[in-house]
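Owing to the predicted nature of the structure, the values given are computational and were not obtained by experimental measurement. Chain letters run A, B, ... following the sequence lines, proteins first and then strands; every chain starts at 1. Every heavy atom of this structure was used, including side-chain atoms; hydrogens, water molecules and symmetry mates were not.
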Number of protein chains: 2
Amino acid sequence: MARTGRPREFDKEQTLERALELFWSRGYGATSIQDLVDALGVERGSLYAAFGDKRRFYLEAVRLYWEVYERHLITALDTSPLLPALREILTHPARLDELISDRGVPQGCLVGNTTAELVPQDSEATKIVTRSYRRFTDILAGALRRAQAAGEVTDTHPPEAQAQLLLYVVQGLSLVSRAGLDRTAALAAIDTAVDGLRA
Amino acid sequence: MARTGRPREFDKEQTLERALELFWSRGYGATSIQDLVDALGVERGSLYAAFGDKRRFYLEAVRLYWEVYERHLITALDTSPLLPALREILTHPARLDELISDRGVPQGCLVGNTTAELVPQDSEATKIVTRSYRRFTDILAGALRRAQAAGEVTDTHPPEAQAQLLLYVVQGLSLVSRAGLDRTAALAAIDTAVDGLRA
DNA sequence: CGACTTCTTGACTAGGCGTTCAAGAAGTCG
DNA sequence: CGACTTCTTGAACGCCTAGTCAAGAAGTCG
């Protein structure tokens, strides 16, 4: 049983990654199926067969984006002292690598972009986005709690409030950076935020 | 000379305000001309005659939005002590009135939404957005400088860096709020930010 | 080999989009 | 009144969109 048919000619995971790049740089609405066909080298019918309609395709890309980012976040923050790592995280919100760099244009955080474009109209997008924000604050609050206990971070405010504030900072930085990034000003702001947490 | 023709039957300014509301809640791409015709009660041809094409119409709305917000900002921050006023500003980023309230759904900041949707592809949108951010930080930096001199705000970091950070916080809060607002968590984060500025 | 399953291709459909425009309505001014 | 200008109306245009589907290709397995 389960006769297997003709094998897929393209790598599904890799195609999703490339679609993610396109969706990330252009947004959901401004990326047409034709754009995807051209960029991915996969015909329309195959895309529909593999990923369902455009919306599902996009949401899948957002899921992948967050999955990668979350792994990065957990790894990076599992350290002591926390604040230098936190500073790193804050300087890399949009691109996992090069937000503050010369190459490439900052394109924000895909979760944040999705928030602006699809939320709250699209309920599934809202669920993904809400969940991502929740994970972010949970992970940060955990790290901050440990750092408070270690005396590295001030305990004048609860770690949850500090984590929520950092979510705003990251998302704000990601968004504003799309309009052009002044590295010096951004770094000064980040340092102000990080120093505000110091015990 | 200058024979005047048939007078316009609708109020241009008021129509722009109502279009602003629509663009604000749905975004640029998701608001069709037909939506505008239906909501404004003005036929397509008249809209085109009065406002040019859709893009100009939208950008005009963004300009109006910022103009109103900037006036509000300047007025609200022209006070001493500064921090209570600043806290007010931070709690009202999205709606000038009721971001943190029960009625209505937060729809973010129109400038921020524009950043996510049109920047950096659209150069005119980028100019408007960049200028708005610049005005925001200039106004805040001025107020913070005075408050530093008065000994109300810490001078461990320059007012420009503090202002840039607050821009990120406001934009981040506006954006994240679209996905649902936890009043308590948001207020706790804002208090954390404001207390971090205290001398 | 031949039956079966799945994938690929690209033409096709239907609908929505932004935009235009010609004809008529409603004013002003000489 | 009649000439002139501007605004209103809504049909029409061309384009692009997301999505479908039938025919053929490329595998697997009995």
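In this model, a side-chain donor or acceptor of B:Arg44 finds a partner on the base of C:dG18 within 3.5 Å.
For the pair B:Leu40 CG and D:dT9 P, the interatomic distance rounds to 13 Å; values are reported in whole Å. Distance B:Lys54 NZ to C:dC17 P: 8 Å, rounded to the nearest Å. The distance from atom CZ of A:Arg6 to atom P of D:dA23 is 17 Å, rounded to the nearest whole Å. Taking atom NZ of residue B:Lys12 and atom C1' of nucleotide D:dC7, one finds them 13 Å apart after rounding to whole Å. Summarising the geometry, the separation between CD on A:Gln34 and P on C:dA11 is reported as 11 Å, rounded to the nearest angstrom. As rounded to whole Å, 8 Å separates atom C1' of C:dC7 from atom CZ of A:Arg8. Following rounding to the nearest Å, B:Ile33 (CD1) and C:dG16 (C1') show an atom-to-atom distance of 13 Å. Atom CG in B:Asp11 sits about 12 Å away from atom P in D:dT8, given to the nearest Å.
Both B:Gly52 and A:Pro7 lie close to DNA chain C; mapped to their nearest nucleotides by heavy-atom distance, the more 5′-ward contact belongs to A:Pro7. Residue whose closest nucleotide on DNA chain C sits further toward the 5' end, between A:Val42 and B:Thr31: A:Val42.
Residue contacts shown for A:Phe10 are limited to sugar-phosphate atoms, with no base heavy atom under 4.0 Å away. If you check every strand for non-hydrogen atoms under 4.0 Å, B:Ser46 touches a base.
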Is there a side-chain contact (heavy atoms from CB on, under 4.5 Å) between B:Val62 and B:Val129? Walk through the geometry before answering. CA-CA 9 Å; B:Val62 176; B:Val129 158; 5.5 Å; no
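Relative ring orientation between B:Trp24 and B:Tyr65 is described as perpendicular, the plane-to-plane angle rising above 60° on a 0-90° scale split at 30° and 60°.
Nearest heavy-atom pair across B:Phe10 and B:Ala50 is CZ-CB, 3.9 Å.
Among D:dC29, D:dT17, C:dG18, the nucleotide with an atom closest to any side-chain atom of B:Ser32 is C:dG18.
Across every strand in view, C:dG15 sits in a pair with D:dC16 that passes the Watson-Crick or G-U test at under 3.5 angstrom. As the counterpart of C:dG30, D:dC1 is assigned, both hydrogen-bonding distances of the Watson-Crick or G-U wobble pattern falling under 3.5 Å.
Relative to the six-membered ring of A:Phe23, A:Lys54 misses at least one condition, a distance below 6.0 Å or an angle of at most 45° to the axis.
Listed for the B:Lys127 side chain is no donor-acceptor partner under 3.5 Å among the backbone atoms of B:Asp122.
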